[in-house]
Amino acid sequence: MNFPSLNNIEKVNTAQFQRDLLNWYEEEKRDLPWRKDQDPYKIWVSEIMLQQTRVDTVIPYFERFIDQFPTIETLAEAEEEAVLKAWEGLGYYSRVRNLQAAVREVHEQYGGQVPNTKEEISSLKGVGPYTSGAILSIAYGIAEPAVDGNVMRVISRILSIWEDIAKASSRKVFEEAIRQMISKEDPSSFNQALMELGALICTPTSPSCLLCPVREHCGAFHEGAVLELPVKTKKKNMRHVHLAAAVLTTEKDEVIIQKRPESGLLANLWEFPNTELSGMGNPKVELELFLKNEYGLDVSLEPESFAKIQHVFSHLTWDIDVYKGSIPADRPQKERSLLVQAGEVEEYAFSVSHQKIWKKARGGKK
DNA sequence: GATCCGTGGCC
DNA sequence: TGGCCAAGGAT
């Protein structure tokens with residue numbers, strides 16, 4: 001393949017670029033928990049957690065997750081409920097369900113050893129082109145590109161590449177650049193150094209070019225185009241959904257919770273009974289109708305909602321009116337729902353929006 | 001290729 | 001305060 005956008009790559013002194021980058025990394029790299037050893041499993045877990053998620057957010061989750069599931073075998077044999085609870089609040093929950101499915105495959109098909117070929121590792125659920133390259137290079141020292149958002153930003157500036165990094169097709173341009181630039185002696189440090197540089201120096205809006213160890217190699221710096229790069233088109237048609245939710249309590253202080261469908265948004269997480277509103281009727285009436293139809297409950301909800309919660313996702317917004325109601329203790333069972341003691345609600349994995357609901361329900365009641 | 005899939009921090 | 005952003009992958 002020919003890559004016209006890489007016309008500047010021959011201007012870079014690759015050996016010197018590698019030295020400048022790796023020397024800086026050796027000096028400045030952060031002391032992160034997944035850098036304590038090269039255990040492929042831990043590298044893998046960290047890479048999944050770090051997808052679209054900040055390092056500072058990931059650190060405590062990683063520590064707890066590895067404490068609880070220290071090996072392939074422990075995660076393979078864990079209950080999904082426990083795994084989701086460990087991931088609660090991190091978002092993109094399909095990541096951890098795919099991770100556990102993939103770990104189980106490694107446990108059963110690979111004797112518990114994370115595979116070290118591109119083909120095998122890429123076949124695992126949740127392992128795409130970035131993550132496969134990251135594990136191969138960081139855990140196994142194999143010279144494969146690991147092109148994430150940081151790398152595209154850094155390399156677009158170094159090589160003055162004006163491809164739109166929002167397009168999936170652009171990634172291969174940067175992978176080819178990395179194949180030509182990567183250190184064959186230390187691909188692990190090389191890939192991590194590019195990401196570290198992107199996180200600490202070559203940041204999106206206010207890069208610290210005067211502190212940059214590879215400034216002299218940077219096309220955008222010499223052209224005064226640092227703030228123009230990378231090119232990244234943005235699109236975001238935010239959808240709004242109006243919901244009504246019910247916190248239903250028995251005289252024994254039990255509460256109804258239900259488990260979300262096994263695919264789609266917040267799959268398999270727990271939540272309070274709720275329904276999407278038409279936008280035309282009365283929320284309370286629509287919610288009572290839902291509870292009658294789905295739970296067989298004749299609930300008289302409190303007349304006014306006790307909380308209105310807005311929750312913003314990456315691609316949609318929930319506006320939730322939350323009502324309280326009392327129910328008899330002997331209500332009939334419904335599929336994927338439970339009646340649990342109020343004191344045990346927090347043992348279940350909830351999305352943040354429904355954690356907000358619970359917090360408000362208890363805060364205002366006690 | 002476009003859309004879906006979470007969350008919290010930042011300015 | 002609200003839009004933008006962060007170590008992507010699946011469909």
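Chain naming here is simple, since letters A, B, ... match the order of the sequence lines and numbering starts at 1 in each.
Within the 3.5 Å criterion, the main-chain N or O of A/Ala101 finds no donor-acceptor partner in the side chain of A/Arg104. Judged purely by atom type and a 3.5 angstrom limit, A/Ser208 has no side-chain atom pairing as donor or acceptor with the backbone of A/Leu210. Although no hydrogens or angles enter the test, the distance criterion places a donor-acceptor pair under 3.5 Å between the side chain of A/Arg95 and the main chain of A/Leu90.
For DNA chain C, the residues of residues 26-33 of chain A within the heavy-atom distance limit of 4.0 Å (strictly under) are A/Arg30, A/Leu32, sorted by number. Of all the residues in residues 176-194 of chain A, not one reaches under 4.0 Å from DNA chain C with any non-hydrogen atom.
Both tests hold for A/Arg64 against A/Tyr61: distance to the six-membered ring centre under 6.0 Å, angle to the ring axis within 45°.
Counting non-hydrogen atoms under 4.0 angstrom, A/Thr131 reaches the backbone sugars and phosphates but no base. Looking at heavy-atom distances under 4.0 Å, A/Trp318 makes no contact with the nucleic acid at all.
Dashed line: the shortest gap from a side-chain N or O of A/Lys125 to OP1 or OP2 of C/dT11 is not under 4.0 Å. Applying the 4.0 Å criterion to OP1 and OP2 of C/dA6, one finds that A/Arg153 has a side-chain N or O inside that range.
Across the protein-nucleic acid pair, A/Arg239 atom CZ and B/dC4 atom C1' stand 9 Å apart, rounded to whole Å. Separating the CG atom of A/Asn98 from the P atom of B/dC5 is a distance of 14 Å, rounded to the nearest angstrom.
Spacing of P atoms, C/dA6 relative to B/dC5, comes out at 22 Å, to the nearest Å.
Shown here are the side chain to side chain donor-acceptor pair (under 3.5 Å) partners of A/Trp270, two or more places apart in sequence or in another chain: A/Glu81. Scanning for salt bridge (Lys or Arg N to Asp or Glu O under 4.0 Å) contacts around A/Glu175 gives A/Arg171, with sequence neighbours left out. By the salt bridge (Lys or Arg N to Asp or Glu O under 4.0 Å) test, A/Arg153 pairs with no residue at all, sequence neighbours left out.
Of the charged side-chain nitrogens involved, at least one lies within less than 4.0 Å of a carboxylate oxygen, so that A/Glu144 and A/Lys118 count as a salt-bridged pair. Contact check on A/Arg35 versus A/Glu196 returns a salt bridge, with a Lys/Arg side-chain nitrogen under 4.0 Å from an Asp/Glu carboxylate oxygen.
Of the two residues near DNA chain B, A/Lys167 and A/Leu316, the one whose nearest nucleotide lies more 5' is A/Lys167.
The one candidate from A/Glu271, A/Glu335, A/Glu294 that meets the side-chain hydrogen bond (donor to acceptor under 3.5 Å, both in side chains) condition with A/Gln258 is A/Glu271.
Remark: A/Lys259 NZ is packed, more than 12 non-hydrogen atoms of other residues, nucleotides or ligands lying under 6.0 Å away.
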Worksheet item: Can you give one letter per nucleotide of nucleotides 6-11 of chain B, 5' to 3': B if a protein heavy atom sits under 4.0 Å from the base, S if only from the sugar-phosphate, - if neither?
Response: BBB---

